[in-house]
Amino acid sequence: MNNAVVGLGEILWDVFPDRKVLGGAPANFAYHVSQFGYNGYAVSAVGDDLLGKEIMSALVEKNLNYSIETTAYPTGTVNVKLNQRGVPEYEICEGVAWDNIPFTSKMEILAKNTKVVSFGSLAQRSDVSRQSIRSFLLAMPDDSLKIFDINLRQHFYSKDLIHESLELCNMLKINDEEVVIVSNLFNLEKETEQEVCLWLLETYQLDILILTKGTEGSYVFTPKETSFQPTPKVHVADTVGAGDSFTGAFVASYIQGERISDAHQLAVEVSAYVCTQHGAMPKLPDAYLELFKNK
């Protein structure tokens, strides 16, 4: 468990009209980080059912470490439809296992040995999982990287939840649609997109803020610099998990000590590749991994 890089929160099946694929932003993040050689862990809960057993088998098949509790609630599923641009629209089932993640002694030990964690707003829609996520974050070492991948879905968020999560993190990942929602919640409607990001960076004393804008490119803000990268033009199969692969690749490079601009470049290339594949957890080509290892 030493120097673990954890995806903490929902794990589920993304159910498409013709197939189902393993998903959940935290698990996607953990998987992509692990492809770069880090000690990735998915931390969540499943049900004592066939879908839960299939999740455990899928994690083993992907060689991803996990701390997954089995609960009396059904394993999570999300019905996914892709629009004409390949962008997913979600219908997220409630009252599922990942709404009821218990904070166990095993999780506490893992938290104390965690170097990086990524968590979002969705798994905090329930009191049980919200308290477990907070307990995990507070048990982590003081010098750890805590990423709030805001991931606003449907109506499962509030200003208070966002504020509390921002106070617990030192890195924020947000997209252009979520910036609009946050600016409305925090009465920043008159500010530009970048001004909102810089306000969040300063107000919550963040080390890094990542803003992704789909085909319009992406920004990485720090207190000292701003990096912009255009989005490569690719044939999009679907965009499910692309943002999580972006975060995973960026973090893998950043914690290795690479410059912000170099970590950003790798993240852009990896997420563009993931857009050309079906599902959130495709295996990355060796070229990306070898480039990373040789830096």
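The figures here come from the full heavy-atom set of this structure, side chains too, leaving out hydrogens, waters and symmetry mates.
- Residues Gly214 and Thr231 share a closest heavy-atom pair of O-OG1, 2.6 Å.
- Placement of Tyr66 and Leu51 within a single hydrophobic cluster is found when ILVMFWY residues are connected by side-chain heavy-atom separations under 4.5 Å, directly or transitively.
- When the shell of 6.0 Å around NZ of Lys81 is examined, it contains 12 or fewer heavy atoms from other residues, nucleotides or ligands.
- Residues Val78 and Val15 form no side-chain contact, since every pair of their non-hydrogen atoms from C-beta on lies 4.5 Å or further apart.
- With hydrogens and angles disregarded, no donor-acceptor distance shorter than 3.5 Å links the side chain of Thr212 to the backbone of Ser218.
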When you look at Ile208 and Ile147, which way does the side-chain contact (heavy atoms from CB on, under 4.5 Å) test go after all the steps? CA-CA 9 Å; Ile208 300 171; Ile147 307 159; over 6 Å; no
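- With Phe250 as the fixed residue, the side chain to side chain contact (heavy atoms under 4.5 Å, CB included) test singles out one of Val270, Leu266, Ile260: Ile260.
- The shortest side-chain heavy-atom distance between Val182 and Ile150 falls under the 4.5 Å cut-off.
- Tyr273 OH: more than 12 foreign heavy atoms inside a 6.0 Å radius.
- Among residues two or more places apart in sequence or in another chain, the side chain to side chain contact (heavy atoms under 4.5 Å, CB included) test is passed with Glu191 by Leu188, Glu195, Val196.
- In terms of hydrophobic clustering, with Ile, Leu, Val, Met, Phe, Trp and Tyr side chains grouped at heavy-atom distances under 4.5 Å, Ile133 and Val128 are assigned to different clusters.
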side-chain contact (heavy atoms from CB on, under 4.5 Å) between Thr114 and Val5: does it pass, once the steps are laid out? CA-CA 6 Å; Thr114 293; Val5 181; over 6 Å; no
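- Under a 4.0 Å N-O distance rule, the pair Lys53/Asp48 qualifies as a salt bridge.
- Atom-to-atom distance recorded for Leu201:CG and Leu172:CG is 9.0 Å, nearest 0.5 angstrom.
- The CZ atom of Phe103 sits 11.0 Å away from the CD atom of Glu69 when rounded to the nearest 0.5 Å.
- There is a path of hydrophobic side-chain contacts, each under 4.5 Å, that joins Leu209 to Phe228.
- Heavy-atom neighbours of Gln205 CD from other residues, nucleotides or ligands within 6.0 Å: at or below the threshold of 12.
- Under a hydrophobic clustering in which Ile, Leu, Val, Met, Phe, Trp and Tyr are joined whenever their side-chain heavy atoms come within less than 4.5 Å, directly or via other members, Phe156 and Val80 fall into the same cluster.
- Between the Asp49 side chain and the Thr75 main chain, a donor and an acceptor come within less than 3.5 Å of each other.
- Annotation: Phe148 is in aromatic contact with Phe119 [ring centroid separation under 6.0 Å].
- Across Gly9 and Ser44, no two heavy atoms sit closer than the pair O-OG, 2.6 Å.
- Inter-residue side-chain proximity for Tyr254 and Leu145 is flagged as met; some heavy-atom pair is nearer than 4.5 Å.
- With hydrogens and angles ignored, the 3.5 Å screen pairs no side-chain donor or acceptor of Thr226 with any backbone N or O of Thr222.
- Residues Asp14 and Gly24 come closest through the heavy atom pair OD2-N, 4.4 Å.
- The structure places CG of Leu22 at 10.0 Å from CD of Glu61, a figure rounded to the nearest 0.5 Å.
- Looking at every heavy atom in both residues, Leu206 comes nearest to Leu166 through CD2-O, 4.3 Å.
- Annotation: side chain of Tyr38 is in contact with side chain of Ile255 (closest heavy-atom distance under 4.5 Å).
- Considering all non-hydrogen atoms of both residues, Asn100 and Thr71 come closest at O-CG2, 3.7 Å.
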Which is it for Met171 and Lys146 under the side-chain contact (heavy atoms from CB on, under 4.5 Å) test, yes or no, and what are the steps along the way? CA-CA 6 Å; Met171 174 174 162; Lys146 300 173 182 177; over 6 Å; no
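- Evaluation of the side chain to side chain donor-acceptor pair (under 3.5 Å) test over residues 123-132, restricted to residues two or more places apart or in two chains, returns Asp99-Arg125, Gln124-Ser165, Asp127-Arg130.
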Applying side-chain contact (heavy atoms from CB on, under 4.5 Å) to Ile174 and Ile210, what does each step give before you reach the verdict? CA-CA 6 Å; Ile174 193 167; Ile210 293 173; over 6 Å; no
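- Two residues are said to be in side-chain contact when any heavy atoms from C-beta on lie closer than 4.5 Å; Val117 and Phe136 meet this criterion.
- Side-chain contact check for Asn113 versus Asn3: every heavy-atom pair is 4.5 Å or farther apart.
- Checking side-chain atoms of Ser34 against main-chain N and O of Tyr31 turns up a donor-acceptor pair under 3.5 Å.
- Side-chain contact between Gln229 and Val220 is absent, with no heavy-atom pair separated by less than 4.5 Å.
- A 6.0 Å sphere centred on CG of Asp142 holds no more than 12 heavy atoms belonging to other residues, nucleotides or ligands.
- Summarising the geometry of Leu64 relative to Ala42, their closest heavy-atom pair is CD2-CB, 4.1 Å, with the distance given to 0.1 Å.
- A distance-only check finds a donor-acceptor pair linking the side chain of Gln35 to the backbone of Leu284 [under 3.5 Å].
- Side-chain atoms of Trp98 never come within 3.5 Å of backbone atoms of Val46 as a donor-acceptor pair (strictly under, hydrogens ignored).
- Using a 4.0 Å cut-off between charged side-chain N and carboxylate O, Glu193 and Lys213 make a salt bridge.
- Under the 6.0 Å cut-off for aromatic ring centres, Phe221 and Tyr219 qualify, their centroids lying closer than that.
- Residue Glu189 places its CD atom among more than 12 non-hydrogen atoms of other residues, nucleotides or ligands, all under 6.0 Å distant.
- Within a 6.0 Å radius of CZ in Arg134, no more than 12 heavy atoms belonging to other residues, nucleotides or ligands are found.
- Contacts classified as ring-ring contact (aromatic ring centres under 6.0 Å, His included) and involving residues 195-215 (residues at least two apart or in different chains) are given here: His163-Tyr204, Phe186-Trp199.
- Looking only at distances, a side-chain donor or acceptor of Ser271 sits under 3.5 Å from a matching main-chain atom of Ala267.
- Expressed to the nearest 0.5 Å, how far CG of Asn184 lies from NZ of Lys159 amounts to 11.5 Å.
- Atoms NE2 and OG, on His264 and Ser261 in that order, are 9.5 Å from each other to the nearest 0.5 Å.
- Ser144 places no side-chain N or O within 3.5 Å of a backbone atom of Lys115 that could act as its donor or acceptor partner.
- The same ILVMFWY cluster, assembled from side-chain heavy atoms under 4.5 Å apart, contains both Val43 and Leu138.
- Atom-to-atom distance recorded for Ile101:CD1 and Ser135:OG is 12.0 Å, nearest 0.5 angstrom.
- Two residues are said to be in side-chain contact when any heavy atoms from C-beta on lie closer than 4.5 Å; Met140 and Leu137 meet this criterion.
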Run the numbers on Asn39 and Asn65 for side chain to side chain donor-acceptor pair (under 3.5 Å), then give the verdict. CA-CA 8 Å; Asn39 195 17; Asn65 299 316; 2.8 Å; yes
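- Side-chain atoms of Glu178 come within 3.5 Å of backbone atoms of Leu152 as a donor-acceptor pair (strictly under, hydrogens ignored).
- Other residues, nucleotides and ligands contribute over 12 non-hydrogen atoms within 6.0 Å of the CD atom of Gln154.
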